[in-house]
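Here's the structure, in structure tokens; my notes come after.
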Amino acid sequence: MTDSPGSDHFDLVVIGAGPAGEKGAAQAAYFGKRVCIVERAPKPGGAMVNTGTIPSKTLRETAMYFSGFRQRGVYGVDLRVKPGITVGDFMQRERNVIESEWELIDENIQRHHITTIQGTARFLDAHTLEVTRYGTTTRRLTADIFLVATGARPEPPVGYTLYDEVVVDSDSLLMLQRIPASMIVVGGGVIGCEYACTFAALGTRVTVINERGRLISHLDPDVSDALRRSMTARLNVTVYGNAEVRTVEVHGRRAAVTLRDGTIIASDLVLVASGRVGNAASLGLEALGVRTNAQSFVQVDANYRSAVSNIYAAGDVIGFPALASTGMEQARVAVCHAFDLRYKRAVSSVLPYTVWTIPELATVGESEEALLARGAAFEIGRANFRDSARGQILGDVDGFVKLLFDPASQRVLGVTIVGEGACELIHIGMTVIALEGTLDFFIQAAFGFPSLGEAYKYAAYDGLQRLQRRQARLPTPVPAEPATDVRV
Ligand SMILES: Cc1cc2nc3c(=O)[nH]c(=O)nc-3n(C[C@H](O)[C@H](O)[C@H](O)COP(=O)(O)OP(=O)(O)OC[C@H]3O[C@@H](n4cnc5c(N)ncnc54)[C@H](O)[C@@H]3O)c2cc1C
């Protein structure tokens with residue numbers, strides 16, 4: 001980030017140039033506001049570009065390429081990781097993608113004539129910010145509105161001490177100078193499972209230690225089970241469920257993890273993938289009356305306004321769901337509210353949730369568990385990729401599309417997809433749910449052939465058949481399994 005010259009009063013000052021800060025700033029500037037972004041790091045992008053979303057997804061793609069994972073077993077040749085692959089090979093593409101992202105963000109900021117200042121921001125009062133940077137004169141900025149978009153950072157649970165290249169978190173993992181032969185991932189949430197799959201595809205022997213019984217526990221059981229099956233059977237990952245870590249000890253360049261039941265597991269690397277806290281503690285917010293919680297997440301209302309009327313907050317610094325995708329939208333909504341722009345009033349309630357494990361997982365709308373908990377009536381329609389031509393061509397025989405719909409109106413309530421392309425395909429389901437569509441959309445639509453998208457149509461037919469059986473009071477076969485005559 002390079003400092004732009006100019007006066008020190010703005011309509012809006014945004015703290016943090018991550019996805020939330022960038023998009024909030026651009027939204028206000030688009031509507032003619034004088035905007036400044038203060039960012040302490042030399043490069044923009046925050047966790048999304050530098051330590052989180054982009055690195056993890058690029059490394060997954062690199063691992064898939066170097067390991068020939070997509071082709072394994074498909075061509076009768078058992079491709080394995082290219083011999084002699086170095087950490088440099090592994091990280092190269094990640095570096096290239098990050099540099100391109102920095103350029104894209106800088107271009108966006110310049111196109112919107114947004115002032116940028118590099119330094120660490122701290123509030124002096126509700127309208128004044130102090131920006132400090134080593135070796136430069138402290139600056140004071142005033143603004144009508146502030147948007148706090150300072151993100152979050154990994155905070156290992158009590159008892160864990162990070163240790164150079166042996167015990168790492170999701171940030172320091174990216175500094176590795178070697179590809180570990182073995183790795184223990186503590187935490188069976190999204191970040192833990194994504195990295196477990198990436199390293200396992202590369203040939204690392206991975207063990208996941210999960211406090212809960214299910215991996216990524218907020219997903220429906222059949223989805224979580226599909227992930228576990230793939231991780232254990234295809235990637236040779238060992239998963240300990242309902243397991244608690246007692247100690248982590250470093251011995252030279254290796255670590256030993258002892259579980260509560262006495263099991264000891266040794267490995268080259270331990271990734272601690274649990275616990276994040278908001279970057280709000282050092283901003284001087286509490287003194288102004290802005291409320292934060294025990295994890296330093298800023299408390300905001302439905303318009304992303306804090307307890308102080310001209311200070312808004314968006315993105316990871318307000319906590320759940322802590323996704324780049326939602327943070328950007330929250331920031332746009334916050335800015336529209338602050339300047340009464342009447343352009344965007346709320347973040348969509350239909351949010352896709354995409355997980356880049358192997359296989360990909362994606363959900364949108366209602367989950368089966370949530371509907372059951374509410375006692376809401378629903379029916380399932382399901383189609384497996386193995387029953388589609390595209391699934392056969394790709395060799396993805398484990399993937400599936402699952403629709404949840406209202407039996408009376410046939411309105412689509414939720415979609416879950418497991419398998420190749422799930423994180424893209426989910427947007428078809430998202431659109432239908434957002435437009436309050438029914439199964440009939442899929443029944444009437446002509447899908448490209450061969451395509452995975454076709455699975456939506458066969459899941460809809462499956463749903464209709466289940467409904468017919470239900471109406472004829474015939475016993476429904478085993479739930480969530482597709483009908484055999486699914487190719488209507
Ligand atoms: C491993 C991993 C994988 C992920 N994968 C996905 C994914 O697939 N999809 C998805 O949507 N999300 C993903 N996320 C989450 C995503 O990265 C975050 O939700 C997103 O980056 C949050 O954006 P933000 O703008 O709120 O904060 P950040 O991106 O954290 O940016 C905050 C910025 O504020 C700056 N800052 C902090 N304090 C100050 C201060 N006092 N003064 C000035 N500047 C300050 C920081 O330097 C930083 O640049 C992932 C995260 C991780 C860790």
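Quick caveat: nothing in here was measured; it's all calculated off a predicted structure. Whatever order the structure lists them in is the order used to number ligands and atoms, beginning at 1.
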Requested in this report: Check D171 against ligand 1 and report side chain, backbone, both or neither, counting heavy atoms closer than 4.0 Å.
Outcome: neither
Requested in this report: For atom OH of Y160, decide whether the heavy atoms of other residues, nucleotides or ligands shown that lie under 6.0 angstrom number more than 12.
Outcome: yes
Query raised in the report: Which bit of R122 gets closer than 4.0 Å to ligand 1, counting heavy atoms only: side chain, backbone, both or neither?
Result: neither
Report task. Work out whether the distance between some heavy atom of G119 and some atom of ligand 1 is less than 4.0 Å. Result -> yes
Report summary line: Ranking N50, T326, T53 by closest non-hydrogen atom to atom 7 (C) of ligand 1, top hit is T53
Query raised in the report: Does Y195 reach ligand 1 with a nitrogen or oxygen that is under 3.5 Å from one of the ligand's nitrogen or oxygen atoms?
Result: no
**Report entry** Electrostatic pair D8:R139 at N-O distance under 4.0 angstrom
**Finding:** yes
**Report entry** Worked verdict on N236 versus R205 for side chain to side chain donor-acceptor pair (under 3.5 Å)
**Finding:** CA-CA 7 Å; N236 296 321; R205 259 187 344 277; over 6 Å; no
Query raised in the report: Just distances here: any N/O of G315 and N/O of ligand 1 closer than 3.5 Å?
Result: no
Query raised in the report: Could an N or O of ligand 1 be found under 3.5 Å from any N or O of L283, whether backbone or side chain?
Result: no
Query raised in the report: Can an N or O of V317 be found at a distance shorter than 3.5 Å from an N or O of ligand 1?
Result: no
**Report entry** Distance-only N or O hit between ligand 1 and D316, under 3.5 Å
**Finding:** yes
Query raised in the report: So is W356 polar-close to ligand 1, meaning N/O to N/O under 3.5 Å?
Result: no
Report task. Using a 4.0 Å heavy-atom cut-off, say whether A322 meets ligand 1 through its side chain, its backbone, both or neither. Result -> backbone
Report task. Check the angle between the aromatic planes of H112 and Y30 and answer parallel, tilted or perpendicular using the 30° and 60° thresholds. Result -> tilted
Query - S56 to ligand 1, any heavy atom closer than 4.0 Å - result: yes
**Report entry** Distance-only N or O hit between ligand 1 and R276, under 3.5 Å
**Finding:** no
Query raised in the report: So which protein heavy atom does atom 44 (N) of ligand 1 come closest to, and at what separation?
Result: R40 N, 3.2 Å
